[in-house]
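Below is one structure, written out as structure tokens; the observations come after it.
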Number of protein chains: 2
Amino acid sequence: MTTPEMGYFLSAKYSRNLYQKASMIKISIYEDNARLSQLLSLMIENTEGFELMACHENCLEALQNTRNERPDVIVMDIDMPQRSGIDGVVEIKSYFPHIKIIMHTVFDGNEHLFDCLSKGADGYILKKDSSTRLIQAIKEVNEGGAPMSPFIANKVLQSFRKQPVTDDFNLTDREIEVLTYLAKGFSYRMISIELNISVETVRRHIKNTYQKLHVQCGPEAVAKAIRSGIINS
Amino acid sequence: MTTPEMGYFLSAKYSRNLYQKASMIKISIYEDNARLSQLLSLMIENTEGFELMACHENCLEALQNTRNERPDVIVMDIDMPQRSGIDGVVEIKSYFPHIKIIMHTVFDGNEHLFDCLSKGADGYILKKDSSTRLIQAIKEVNEGGAPMSPFIANKVLQSFRKQPVTDDFNLTDREIEVLTYLAKGFSYRMISIELNISVETVRRHIKNTYQKLHVQCGPEAVAKAIRSGIINS
DNA sequence: TCAAGAATGACCCAAAAGGGTTATTGACAG
DNA sequence: CTGTCAATAACCCTTTTGGGTCATTCTTGA
């Protein structure tokens, strides 16, 4: 849907770059939906302090584009033909970590969200939000913030809440203590010396622990204990 | 610094509650700095759609207060005499999980931040932000958002970025495969059958793995592998 | 083409781990 | 005041681990 004329238009725009004010926020867009990308372009061009560098319908050339355009902020769709916006983020961030990237997508699922965030996206705005929100987000991210749609921010916070121990399997304090030493690589003998008890007692605790955890050896017990949050440090 | 008179005043205010409009956002404040709490009170009382329920200088009685006041949103300081706001969050959230709590504090360190978030805080606004930002945050949180100061939102995002494998210790694919079975409780023999190789080869891989990880037994290896993200499922 | 590294396999041997059974002591709840 | 449970301890016996040393095959990159 993006026409060659449009590309030309944007190149022309880019050449005007020489006259821009230093304080302008330079923005590049990656969005395969032509209607939406035109809307965004218009909004950005008509916002004080914003300078639209280019508008791309895929991120096959993301790196080269970025080298040419040197934007301050990139607005990136995820679902684009041939190459996902997430790959674009990885590539751009690895060469230009200081350039801010705002994901602008319809995806509100955990998968894409945490994938993008772990790969360095600086903001995550849903398309269902108003375009004004995106404009505001661009300002925010340029000032060092991390704009997110409320729904997204909530998902992010929720991911912190499910930390607390899922199930402690009724392990006693002593059993957890012994298990902790086991995970540190102590042998039964070393543990017995450390805790000033008999090796047989250490063995006893470990046997009980295995029964409670429904495991049959040390490595499995340690794995289960760490994954369920029973032991940490 | 909160005077008895102030308490009386607030009780009087609470009694007016009967006449409130259903759409009002009911707010309680926990803040030990009298000057700041008065400022916040004033701002809230003068904001359309906000109803100040009470203003407390500590959260010793947080649960009882909440039962009486039934706020929609609580603004909670962290550093208060006798009882930390974090304890307040835990208590209130365990009985009233639907009540939104915004932390309002000077602390911008990771420790308090992630502690609060994991315990269920719904927003985290720094005191250095303008009071207007807090008012806005109250609206946001009441609409299901997760308001955070830009600096805080960034910290939260950053916590996702350092997830990817810290160090893979140059383990080969095969070594990781064997280690994964080990963590599942497979013995060397079982692994050898599973992978259709000799027990000696399994042992070989494990020996090499221990050297690379600088550990000397299975439990320790598994602990290290899980903690550094080498193995997961 | 040659060296490096991955994957494979084997042997020796001592130490550690794991399963079963039994028992004593002290604390705490009903 | 009696039963339960955590913590302690011991003995038996088999299997598994883990450390050392050596060797072959195959792929891959310099």
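Throughout, protein chains are lettered first and strands after them, A, B, ... in sequence-line order, and every chain is numbered starting at 1.
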_Need to verify one output field. Residue with the more 5' nearest nucleotide on DNA chain C, B:Ile197 or A:Gln211?_
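Comparing both residues, the 5'-ward one is B:Ile197.
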*Report the residue (B:Cys217 or B:Arg174) whose heavy-atom-nearest nucleotide on DNA chain C is the more 5′ of the two.*
B:Arg174
*Quick one: does A:Arg203 reach the base of C:dG18 with a side-chain donor-acceptor pair under 3.5 Å?*
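A donor-acceptor contact between them is present.
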How many whole angstroms separate atom [atom1] of [X] from atom [atom2] of [N]?
X: B:Asn196; N: C:dG9; atom1: CG; atom2: C1'; answer: 14 Å
X: B:Ile206; N: D:dT17; atom1: CD1; atom2: P; answer: 7 Å
X: B:Glu200; N: D:dT16; atom1: CD; atom2: P; answer: 13 Å
X: A:Arg204; N: C:dA17; atom1: CZ; atom2: P; answer: 16 Å

*Examine B:Lys184 relative to B:Tyr181 and say whether NZ or CZ is less than 6.0 Å from the centre of the six-membered ring and inside a 45° cone about the ring axis.*
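Yes, B:Lys184 lies over the aromatic ring of B:Tyr181.
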*Does A:Asn232 offer a backbone N or O that forms a donor-acceptor pair with the side chain of B:Arg227 under 3.5 Å?*
yes
*Indicate whether the side chain of B:Thr209 and that of B:Glu175 have a donor and an acceptor atom separated by less than 3.5 Å.*
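No pair is found: no donor N or O on one side chain lies under 3.5 Å from an acceptor on the other.
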Can you tell me which nucleotide in [options] comes closest to the side chain of [X]?
X: A:Lys212; options: D:dG19, D:dT8, D:dA6; answer: D:dA6
X: B:Gln216; options: D:dA7, D:dG19, C:dG9; answer: D:dG19
X: A:His205; options: C:dG19, D:dT16, D:dA7; answer: D:dA7

*Stepwise, does the side-chain contact (heavy atoms from CB on, under 4.5 Å) test hold for A:Ile74 with A:Ile27?*
CA-CA 6 Å; A:Ile74 292 174; A:Ile27 301 159; over 6 Å; no
*Can you tell me if the side-chain N/O atoms of B:Tyr188 get under 4.0 Å from OP1 or OP2 in D:dT15?*
no
*Under 4.0 angstrom, heavy atoms only, what part of the nucleic acid is B:Ser198 near: base, sugar-phosphate, or nothing?*
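Counting heavy atoms under 4.0 Å across all strands, the contact made by B:Ser198 is with sugar-phosphate only.
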